[in-house]
Amino acid sequence: MMRSFAPRLSVLALLSVCSRVAMGIDLDLTSQDSIKSVASTIAYDMMTYYRGNYSGQTPGLLPGPPPNPTITDAGYFWWEAGGMFGALIDYWYYTGDSTYNDVVQQGLLYQVGSGDDYLPANQTNGMGNDDQGFWGLSAMTAAELNFTNPPSDQPQWLSLAIAVHNTQLARFDTVCGGGLRWQAYPFLNGYNYKNSIANGCFFNIAARLARYTGNDSYADTATSTWDWLTAVGLIDNSYNVFDGTDTGTNCTIINKQQFSYNAGIFLLGAATMYNYTNGSTQALWQTRVEGLLNQTINVFFPNNTGFEVTCEATLIHCTIDMLSLKAYLTRWLAASTKVAPFIYDRVMVLLQTSARQAALQCSGSPADHPNGRMCGLSWYKGAVWDGTSGVGQQMAALEVIQSNLIQQAAAPLTGSSGGTSQGDPSAGTSTGSSQDPTALLPPTGGEKVGAGFLTAVVTITVVGGLVWLSLPDGKAR
Ligand SMILES: *[C@@H]1O[C@H](CO)[C@@H](O)[C@H](O)[C@H]1NC(C)=O
Ligand SMILES: *[C@@H]1O[C@H](CO)[C@@H](O)[C@H](O)[C@H]1NC(C)=O
Ligand SMILES: *[C@@H]1O[C@H](CO)[C@@H](O)[C@H](O)[C@H]1NC(C)=O
Ligand SMILES: *[C@@H]1O[C@H](CO)[C@@H](O)[C@H](O)[C@H]1NC(C)=O
Ligand SMILES: *[C@@H]1O[C@H](CO)[C@@H](O)[C@H](O)[C@H]1NC(C)=O
Ligand SMILES: *[C@@H]1O[C@H](CO)[C@@H](O)[C@H](O)[C@H]1NC(C)=O
Ligand SMILES: *[C@@H]1O[C@H](CO)[C@@H](O)[C@H](O)[C@H]1NC(C)=O
Ligand SMILES: *[C@@H]1O[C@H](CO)[C@@H](O)[C@H](O)[C@H]1NC(C)=O
Ligand SMILES: *[C@@H]1O[C@H](CO)[C@@H](O)[C@H](O)[C@H]1NC(C)=O
């Protein structure tokens, strides 16, 4: 997914607006009705960006990047819509409001691709393992939360998650001693990068498949993925989760940037492994959950308020993708408390403080939504709107606020505790889905996602004393 450090000039242009301080949305965390009502408002505003259910539009897509995206005018990439549908499944789970369920199901099913594995042909020229993974994560959530099952002639949620796991398992190689590459196909920019989010999506889905199905094969692939990440240093002894590493150096130089969703995706995966295992193995996962939570708090929650540390201070280097990452961190923090209840108290402090701040930050009136309640990213600024707005900011506010209903919410189901989604263990291994990358045509200039964008945003950043050439890419992280 994303890898660009494009200046968001539009952000700067809007900053002048924020001298007018509004009140934000009124949220009372002691009232479930208040939380539900605020979530409803924020979800509504988020969905004003979605047009996929209108005639002539493509279900499952947010307004995408224009054919020749400019730095200030990038649209939403494919993966983020997959993430947004996950937020809306959560919305229904927490609030019981089914307003968006049909639209969510339509979008999630329209994008499965001919192999029923979230590799739709239209996205081939930008397909990251993490992009595919985000759609697979939403299918997994649908299975665990007993979201409306698709009609029987359509692929089922559990099968879709298994298909993502199986197609990705086939892409592991021995370069750097293991691990999954960022991009799915060799001709894509970023194929030489092995990163935490691609491996994190795989790890998270594998752990949850193990728990849902009781099949140890998934626990084994989750464990070996974790072992590789720690061996190569993408997760260090203090449980920092770093961004990625290049195969050109045999993965010896680590890009130490930290993004909140990387911490969150491993936390939920580890918490699920803790729940699935027993004895000394469980004790090992318990230590990992505790360590990951400790470092998540240290890095991403100054004053208990969620903060996207790598870009939020100035916002200038926040790409459109980065604006959504706190949605996934807070989603997975809450979900982790269900399978690892021993972290509940510490997590709730974070979710409560952040939710209050996020509601205050929903005080914006950008030109395209002059309603005085659009959410900025900068929760720590309280009611002083930061001048930004969009799907990512709405989603992040939605997830952190509705997560405060986690205690009353049901635990994620498994196949033996009432889960109704059906899964075929061989999903994703049929000819239709085992795409041979070499058979795919290399992208032409016109088709490659963000091709013109790429060269424009190659940026050199200094990370921990190393000069790091950020991978030029306009795609989702
Ligand atoms: C699309 O979905 C929204 C809910 O997000 C709904 O309000 C709207 O009526 C739908 N539009 C069409 C054309 O179905
Ligand atoms: C792929 O793109 C074509 C042309 O824009 C469109 O008609 C089709 O619905 C798209 N399919 C998916 C799965 O997005
Ligand atoms: C590359 O890294 C892997 C994993 O750390 C290691 O096993 C392998 O020996 C390394 N290869 C070379 C050529 O250094
Ligand atoms: C468990 O998962 C493995 C790997 O996907 C699969 O080959 C096997 O058939 C599964 N076992 C059962 C009982 O479903
Ligand atoms: C731990 O789980 C395994 C199966 O994964 C089971 O065979 C064993 O009996 C369990 N041990 C305890 C102490 O519950
Ligand atoms: C997590 O932090 C707590 C409190 O600071 C500390 O006692 C514990 O040892 C830490 N655990 C790990 C695994 O780092
Ligand atoms: C945290 O709170 C302290 C004391 O109120 C303040 O000085 C600091 O700026 C805050 N940090 C952030 C990131 O909000
Ligand atoms: C595993 O998850 C279930 C469902 O949420 C929970 O009731 C149980 O306490 C968890 N197990 C452990 C060891 O925490
Ligand atoms: C799952 O959903 C089905 C269909 O809505 C319903 O009949 C069933 O009771 C639900 N099961 C659980 C455990 O929630």
Side-chain angles (χ1 to χ4, degrees), residues 1-15 17-18 42-43 45-50 62-65 69-88 130-131 134 197 243 257-265 300 305-332 354 357-359 361-364 366-369 373-381 384-401 450 453 457 470 473-477:
M1 299 189 206
M2 72 168 143
R3 176 83 34 210
S4 67
F5 296 90
R8 289 189 57 74
L9 301 179
S10 53
V11 169
L12 292 180
L14 281 166
L15 284 177
V17 178
C18 65
I42 295 175
D45 289 337
M46 178 173 81
M47 287 303 277
T48 60
Y49 293 93
Y50 182 70
L62 283 162
T70 64
I71 284 171
T72 54
D73 193 21
Y76 299 97
F77 295 98
W78 179 68
W79 76 280
E80 189 165 342
M84 185 184 78
F85 294 128
L88 289 166
D130 49 357
D131 302 84
F134 259 79
I197 193 59
D243 190 70
Q257 284 180 309
Q258 295 200 53
F259 294 98
S260 64
Y261 71 163
N262 282 326
I265 206 162
F300 297 105
T305 304
F307 184 72
E308 194 62 49
V309 66
T310 296
C311 78
E312 195 176 315
T314 64
L315 296 172
I316 296 171
H317 299 296
C318 288
T319 63
I320 197 152
D321 293 329
M322 293 178 196
L323 296 169
S324 72
L325 304 186
K326 290 197 292 188
Y328 320 119
L329 172 60
T330 53
R331 168 195 301 182
W332 293 325
S354 298
Q357 293 292 116
Q361 181 62 197
C362 296
S363 59
D368 59 353
H369 287 79
R373 63 175 197 220
M374 295 306 284
C375 307
L377 184 72
S378 309
W379 300 343
Y380 74 96
K381 289 184 180 165
V384 183
W385 181 47
D386 68 5
T388 75
S389 56
V391 174
Q393 295 92 320
Q394 291 301 122
M395 199 193 326
L398 175 63
E399 289 277 24
V400 73
I401 289 168
F453 190 40
V457 298
S470 78
D473 194 272
K475 294 192 312 92
R477 161 184 293 273

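For this chain, numbers begin at 1 and follow the sequence in order. As a basis for the values below, the full set of heavy atoms in this structure was taken, side chains included, without hydrogen atoms, waters or symmetry mates.
Between Phe134 and Trp78 the shortest side-chain heavy-atom distance does not fall below 4.5 Å. Put simply, the side chain of Met47 reaches to within 4.5 Å of the side chain of Met84, judged on heavy atoms.
Counting all heavy atoms, side chain and backbone alike, Trp385 lies closest to Ser363 at CB-OG, 3.4 Å. In plain terms, the two heavy atoms of Tyr76 and Val391 that are nearest each other are OH-N, 3.1 Å. Taking each heavy atom of Ser389 and Met374 in turn, the nearest pair found is CB-CB, 4.2 Å. Across all non-hydrogen atoms, the minimal contact from Thr310 to Gln257 is CG2-NE2, 3.7 Å. What you find for Ser354 and Gly306 is that their closest heavy atoms are OG-N, 3.0 Å. Here the closest non-hydrogen pair linking Glu80 and Ile320 is OE1-O, 3.8 Å.
There is a side-chain donor-acceptor pair under 3.5 Å between Thr48 and His369. No hydrogens or angles considered: nothing links the side chains of Ser378 and Gln361 as a donor-acceptor pair under 3.5 Å.
In this structure a side-chain-to-backbone donor-acceptor pair under 3.5 Å is present from Gln394 to Ile42. A side-chain donor-acceptor contact under 3.5 Å links Glu308 to the backbone of Ser260. Looking only at distances, a side-chain donor or acceptor of Asn262 sits under 3.5 Å from a matching main-chain atom of Ile197. In this structure a side-chain-to-backbone donor-acceptor pair under 3.5 Å is missing from Gln258 to Val309.
Residues that satisfy the side chain to side chain donor-acceptor pair (under 3.5 Å) test with Tyr328, not counting sequence neighbours, are Ser324. Taking the side chain to side chain contact (heavy atoms under 4.5 Å, CB included) definition, one finds that Gln357 meets it with Thr305, Leu360, Trp379, sequence neighbours left out.
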Step-by-step side-chain contact (heavy atoms from CB on, under 4.5 Å) determination, Tyr50 to Leu62 | CA-CA 6 Å; Tyr50 182 70; Leu62 283 162; 4.1 Å; yes
For Leu88 and Met46, run side-chain contact (heavy atoms from CB on, under 4.5 Å): C-alpha distance rounded to whole Å, both residues' side-chain angles, the deciding distance at 0.1 Å, then the answer. CA-CA 10 Å; Leu88 289 166; Met46 178 173 81; 3.8 Å; yes
Discussion item. Assess the residue pair Thr388 and Asp386 against the criterion (side chain to side chain donor-acceptor pair (under 3.5 Å)); give the C-alpha distance rounded to whole Å, side-chain angles, the decisive distance to 0.1 Å, and a yes or no.
Written reply: CA-CA 6 Å; Thr388 75; Asp386 68 5; 2.9 Å; yes
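The SG atom of Cys375 sits 7.0 Å away from the CG atom of Asp45 when rounded to the nearest 0.5 Å. Thr330 OG1 to Ile401 CD1: the interatomic distance, rounded to the nearest 0.5 Å, is 9.5 Å.
Lys326 and Glu312 are joined by a salt bridge, as a carboxylate oxygen and a charged side-chain nitrogen come within less than 4.0 angstrom of each other.
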